[in-house]
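To start, the structure under review is shown below, and the notes come after it.
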Amino acid sequence: MTTTDAADTAAAGALFCDPALFADMDAWHRRVAELRRETAALLVDDLPGFSPFWVLLRHEDVLAVSRDNDLWHNTPRAVLGPDEDVERMVSSGMPLPASLVHLDGDDHRKHRKVTSDWFKPAAVRRRQPRIDEIADLFVERMRSLGGRCDFARDIAQPYTLRVIMDIYGVPEEDEPLMLDLTQGIFGAADPEFQGDAPDPGTRLLDAAMRFAQYFNEVTADRRACPRDDLATVIATGEVDGRPMDDLHRFWYYVIVATAGHDTTSYALSGGMEAMLRDPEQLAALRDDPELVVNAADECVRWTSPVRHFMRYATREATVAGVTVPEGGRVLLSYPSANRDERVFRDAMTFDVRRDDADKLVAFGGGAHFCLGSQFARRELRTMLLRLSQQLAHIELDGDPEWSQSHFVSGVKHLPVRYAFR
Ligand code: HEM
């Protein structure tokens with residue numbers, strides 16, 4: 001390999017782990033589309049601090065690996081980070097992460113079962129009246145803001161947070177704390193979300209500790225006085241006939257509280273950003289409200305707020321034309337797979353009418369398929385329907401801004417000017 005080739009590979013590898021590069025998604029998609037045309041699997045073996053991995057760029061391979069949960073394991077390193085992060089955890093005696101996305105096999109299946117009834121289509125359908133109420137509340141808030149707001153910060157984020165916290169049973173007054181903790185966990189690398197912490201690692205650790213403290217109190221409360229909420233299900237959940245241990249319970253709280261809103265919020269704000277670039281999209285939705293199911297999926301495909309998960313080969317495996325040795329790892333690039341020209345017609349165009357939006361892989365696949373996808377879809381449809389029917393006009397009122405994270409990110413500021421009918 002020549003020096004230039006090596007520099008090119010390192011630069012390409014950085015596309016998947018440098019948080020700052022996710023702040024310009026147009027540029028990111030342009031560069032990744034070029035890579036995807038040339039190769040299905042990009043070997044990244046020269047990034048300082050990261051052991052090697054292949055990036056799977058195409059839809060077919062991301063789906064195949066997601067679905068083969070015997071061959072490919074998630075492990076406690078399901079999210080890409082510098083090797084020293086894990087080494088530091090191990091040497092300091094800290095337990096490794098143990099949420100659903102970090103578990104495999106029976107262990108994963110048994111823990112997922114603790115809450116899975118709450119996320120089944122019929123259970124989520126019963127929550128629709130409450131989602132409607134919350135959506136109405138935030139449309140009212142938008143009206144009261146007088147024709148100008150930051151749609152991401154003022155509407156998308158608090159709306160999606162309220163829906164999930166309502167199911168959870170976290171009171172409204174604690175929502176700012178939950179938001180801060182989630183940003184500490186997902187967005188620690190974004191300077192705007194770093195707070196007073198000297199570095200992202202400290203911010204993350206601090207968020208995790210405050211999270212643990214908060215939910216220890218919730219556990220004690222729900223065990224003493226059970227309620228009809230998800231916090232009670234987690235607080236009293238059993239695995240193999242025994243109460244879930246402290247570590248798994250803590251991580252259960254973390255995944256449900258964090259995975260549920262930043263993701264959906266970015267799908268909504270990013271979908272809106274795309275519709276503002278092409279006003280004909282919102283008009284199509286206004287003229288044909290039935291399009292809203294497709295439009296919600298298109299928002300998720302287009303934004304792919306979860307940027308990746310890792311998978312580890314339990315034995316030698318062949319994927320995307322490469323042989324991965326036992327213990328070798330691959331990065332599933334959902335945003336790349338969701339723009340794969342082999343699957344999506346005119347993949348680089350946002351189109352609420354596209355007939356292939358439901359082929360999206362933004363929710364993953366297989367045993368780990370997003371537990372909350374039904375909630376996310378309903379939240380998006382509910383808000384999109386209201387906005388398309390009630391807004392007379394909406395336009396950009398400044399430059400949108402994307403958050404900086406290689407794991408979960410999206411449009412964090414969307415200044416808009418609008419009028420209601
Ligand atoms: C647009 C919004 C969302 C997107 C794009 C998204 C995406 C994902 C992805 C890619 C995974 C991993 C799937 C895999 O490894 O195959 C996942 C897992 C998960 N998601 Fe979501 N998600 C969203 C909304 C939600 C919501 C609203 C919740 C509700 C609490 C949620 C809860 C979870 C949980 C608990 C898991 C772990 C499942 C497991 O490992 O068994 N997500 N999500």
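Counting starts at 1 for both ligands and their atoms, in listed order.
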For atom 5 (C) of ligand 1, the closest protein heavy atom turns out to be A362 O, 3.6 Å

Tell me, which protein residue and heavy-atom name are nearest atom 11 (C) of ligand 1, and how many Å apart are they? F309 CE1, 3.8 Å

As an exercise, identify every atom of ligand 1 less than 4.0 angstrom from a heavy atom of G364. 10 (C), 13 (C), 14 (C), 16 (O)

Top protein contact for atom 36 (C) of ligand 1, by heavy-atom distance: L371 N, 4.0 Å

closest protein heavy atom to atom 8 (C) of ligand 1 is C370 CB, 3.7 Å

With no hydrogens and no angle check, do the side chains of Y266 and S403 hold a donor and an acceptor under 3.5 Å apart? yes

In sequence, state the C-alpha distance, the side-chain angles, and the governing distance for K120 and D117, and then conclude on salt bridge (charged side-chain N to carboxylate O under 4.0 Å, His left out). CA-CA 5 Å; K120 291 196 171 132; D117 280 353; 2.8 Å; yes

With heavy atoms only and a cut-off of under 4.0 Å, state how Y266 meets ligand 1: side chain, backbone, both or neither. neither

Please determine whether the number of non-hydrogen atoms from other residues, nucleotides or ligands lying under 6.0 Å from atom CE of M209 exceeds 12. no

Closest approach of any protein heavy atom to atom 15 (O) of ligand 1, naming residue and atom: R311 NH2, 2.8 Å

Sidechain N-carboxylate O distance under 4.0 Å for D61, R58: no

the protein heavy atom lying closest to atom 24 (C) of ligand 1 turns out to be T263 OG1, 3.4 Å

State whether a side-chain donor-acceptor pair under 3.5 Å links Q128 with T382. yes

heavy-atom search around atom 27 (C) of ligand 1 in the protein gives G260 O, 3.3 Å

Tell me, yes or no, whether the heavy-atom count around E290 atom CD, taken from other residues, nucleotides or ligands under 6.0 Å, exceeds 12. no

Ligand 1 atoms nearer than 4.0 angstrom to some heavy atom of H108 are 39 (C), 40 (O), 41 (O)

Enumerate the atoms of ligand 1 whose separation from the nearest heavy atom of V101 is less than 4.0 angstrom. 37 (C), 40 (O)

Among R127, R130, R222, the one residue meeting salt bridge (Lys or Arg N to Asp or Glu O under 4.0 Å) with D229: R222

Can you report which non-hydrogen protein atom sits closest to atom 13 (C) of ligand 1, along with the distance? H368 O, 3.1 Å

Options A376, S66, G365, S116, ranked by nearest heavy atom to atom 16 (O) of ligand 1, top entry: G365

Quiz question: by atom type and distance under 3.5 Å, do the side chains of H261 and T264 form a donor-acceptor pair? no

Note: I164, heavy atoms under 4.0 Å from ligand 1, region reported as side chain

Using 4.0 Å as the upper bound for N to carboxylate O, is an ion pair formed by R31 and E34? no

